Amino acid sequence: MDKQIKRKTTWLLCIGLVILIGVFASGIYLFNTIFPKAGPISIPQSEDIVSVSISHSDSDQTVLLREEDMEQLLDYLSEGKATRQTAMDDHPTERTYYGISVQTDTREYRYFIYEKGGQIYIEVPYDGIYETQTELFDLVCTYHRET
């Protein structure tokens, strides 16, 4: 009798564990479906770039980036880590930001850099929001002030 109870208990525990794993996996799948991460940031090839300009939300001044600084800027942009936040407008909802406009022969790529809660973000209109390094923000901020 004791062995039979142990066997039934073991089977019930195994079935419970399988159900628990199934519920957990379904929850993760559902969460990822409802709140997907943004895809990789779309960045043009450096040889296709015609010009890069930087602007600030509080200023009408637009500064053209020197060609020798483009590679570093593109490297920082490409290192953005996708978040589950969406970008559903032409401009960020943050009041203060830097805009980066990358012009190629075929299209314009737009990126917005801002600080929120001690973290630096890249926002790509209609694509997503990405966490990035403070070095990108410092580079853009310094470049815009110096020129």
Side-chain angles (χ1 to χ4, degrees), residues 1-59 62-63 65 67 69-145:
M1 187 80 149
D2 251 353
K3 286 183 181 182
Q4 196 174 21
I5 292 175
K6 284 183 182 179
R7 200 175 302 151
K8 284 182 181 180
T9 304
T10 303
W11 272 106
L12 286 175
L13 285 174
C14 288
I15 291 170
L17 184 61
V18 168
I19 291 171
L20 184 63
I21 290 171
V23 168
F24 185 71
S26 298
I28 290 173
Y29 175 78
L30 186 60
F31 181 79
N32 286 332
T33 303
I34 294 172
F35 303 107
K37 279 192 173 184
I41 296 177
S42 179
I43 298 174
Q45 298 294 320
S46 56
E47 60 270 3
D48 296 335
I49 297 174
V50 174
S51 68
V52 176
S53 59
I54 299 173
S55 61
H56 190 274
S57 58
D58 294 338
S59 170
T62 300
V63 178
L65 191 68
E67 196 170 314
D69 296 324
M70 285 186 202
E71 274 307 314
Q72 186 176 22
L73 179 78
L74 294 176
D75 286 344
Y76 283 138
L77 286 172
S78 67
E79 293 172 1
K81 294 183 176 88
T83 67
R84 295 186 188 279
Q85 301 174 39
T86 57
M88 301 304 293
D89 208 347
D90 289 337
H91 294 84
T93 56
E94 292 300 310
R95 292 179 55 135
T96 304
Y97 57 85
Y98 286 94
I100 300 172
S101 175
V102 179
Q103 188 66 50
T104 67
D105 286 330
T106 57
R107 74 174 267 207
E108 177 186 26
Y109 295 80
R110 293 184 310 141
Y111 311 97
F112 297 99
I113 313 298
Y114 57 87
E115 186 270 332
K116 181 179 179 181
Q119 177 62 47
I120 307 300
Y121 294 95
I122 303 168
E123 186 166 326
V124 182
Y126 304 104
D127 281 348
I129 298 175
Y130 304 80
E131 290 182 358
T132 189
Q133 306 170 17
T134 56
E135 291 85 2
L136 172 61
F137 188 78
D138 294 342
L139 172 74
V140 171
C141 185
T142 303
Y143 201 88
H144 191 265
R145 272 193 238 136

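This is a predicted model, so every value here is computed, not measured.
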Student: Indicate the atoms forming the closest heavy-atom contact of Tyr121 with Lys116, along with that distance.
Tutor: CE1-O, 3.7 Å
Student: Is the positively charged end of Arg107 above the ring of Tyr109, judged by distance under 6.0 angstrom from the centroid and angle within 45° of the axis?
Tutor: yes
Student: Begin with the C-alpha distance, continue with both residues' side-chain angles, and end with the deciding distance and a verdict on side-chain contact (heavy atoms from CB on, under 4.5 Å) for Thr132 and Lys81.
Tutor: CA-CA 6 Å; Thr132 189; Lys81 294 183 176 88; over 6 Å; no
Student: After noting the C-alpha distance and the side-chain angles of Asp69 and Leu73, does the key distance pass the side-chain contact (heavy atoms from CB on, under 4.5 Å) rule?
Tutor: CA-CA 6 Å; Asp69 296 324; Leu73 179 78; over 6 Å; no
Student: So, Ser57 side chain and Arg95 main chain: donor-acceptor pair closer than 3.5 Å or not?
Tutor: yes
Student: OH of Tyr130 to CG of Leu77: how many Å apart, nearest 0.5 Å?
Tutor: 11.0 Å
Student: Please confirm whether the ring centroid of Tyr98 lies under 6.0 Å from the ring centroid of Tyr111.
Tutor: no
Student: State the CD-OG1 distance between Glu123 and Thr86, to the nearest 0.5 angstrom.
Tutor: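 Those atoms lie 8.5 Å apart.
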Student: Kindly give the heavy-atom pair with the smallest separation between Gly99 and Phe112, and that separation in Å.
Tutor: CA-CD2, 3.8 Å
Student: So, taking the atom named CD1 in Ile129 and the one named CZ in Arg84, what distance separates them when rounded to the nearest 0.5 Å?
Tutor: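 Atom-to-atom, Ile129:CD1 and Arg84:CZ are 14.0 Å apart.
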Student: Distance check, rounded to the nearest 0.5 Å: Leu74 atom CG versus Glu79 atom CD?
Tutor: 11.0 Å
Student: Any heavy-atom pair between the side chains of Leu65 and Ser53 that's under 4.5 Å?
Tutor: no
Student: Taking C-beta and beyond as the side chain, do Asp105 and Val50 meet within less than 4.5 Å on heavy atoms?
Tutor: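 Yes, their side chains come closer than 4.5 Å.
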Student: Look up atom CZ in Arg110 and atom NE2 in His91, then write down how far apart they are to the nearest 0.5 Å.
Tutor: 5.5 Å
Student: side-chain contact (heavy atoms from CB on, under 4.5 Å), that's the test. Do Asp127 and Ile41 meet it? Break it down for me.
Tutor: CA-CA 8 Å; Asp127 281 348; Ile41 296 177; over 6 Å; no
Student: Which heavy atom in Ile122 sits nearest to a heavy atom in Gly80, and how many Å separate them?
Tutor: CD1-CA, 4.3 Å
Student: Could you go through the side-chain contact (heavy atoms from CB on, under 4.5 Å) check for Leu139 and Tyr76 one step at a time?
Tutor: CA-CA 10 Å; Leu139 172 74; Tyr76 283 138; 4.0 Å; yes
Student: Is there a donor-acceptor contact under 3.5 Å from the side chain of Glu115 to the main chain of Gly118?
Tutor: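 Yes; at least one donor-acceptor contact below 3.5 Å.
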Student: Would you say Glu67 has more than 12 foreign heavy atoms packed within less than 6.0 Å of its CD?
Tutor: no
Student: Scan side-chain atoms only and decide if Ser51 and Gln103 contain a donor-acceptor pair under the 3.5 Å cut-off.
Tutor: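 Looking only at side-chain atoms, Gln103 and Ser51 do not form any donor-acceptor pair under 3.5 Å.
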Student: Would you call Asp90 and Tyr126 a side-chain contact if the rule is heavy atoms closer than 4.5 Å?
Tutor: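 Asp90 reaches Tyr126 side chain to side chain.
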Student: Please examine the side chains of Val102 and Ile100, heavy atoms only from C-beta on, and report whether any two atoms are closer than 4.5 Å.
Tutor: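 Yes. Closest side-chain heavy atoms under 4.5 Å.
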Student: Under 3.5 Å, is there a donor-acceptor pair linking the side chains of Ser46 and Glu71?
Tutor: yes
Student: I'd like to know if the side chain of Ser59 reaches the main chain of His56, judged simply by a donor and an acceptor atom lying under 3.5 Å from each other, with no hydrogens or angles considered.
Tutor: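 Between the backbone of His56 and the side chain of Ser59 there is no qualifying donor-acceptor contact (under 3.5 Å).
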Student: How long is the gap from CD1 on Ile120 to CG on Leu136, to the nearest 0.5 Å?
Tutor: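 It is 8.5 Å, given to the nearest 0.5 Å.
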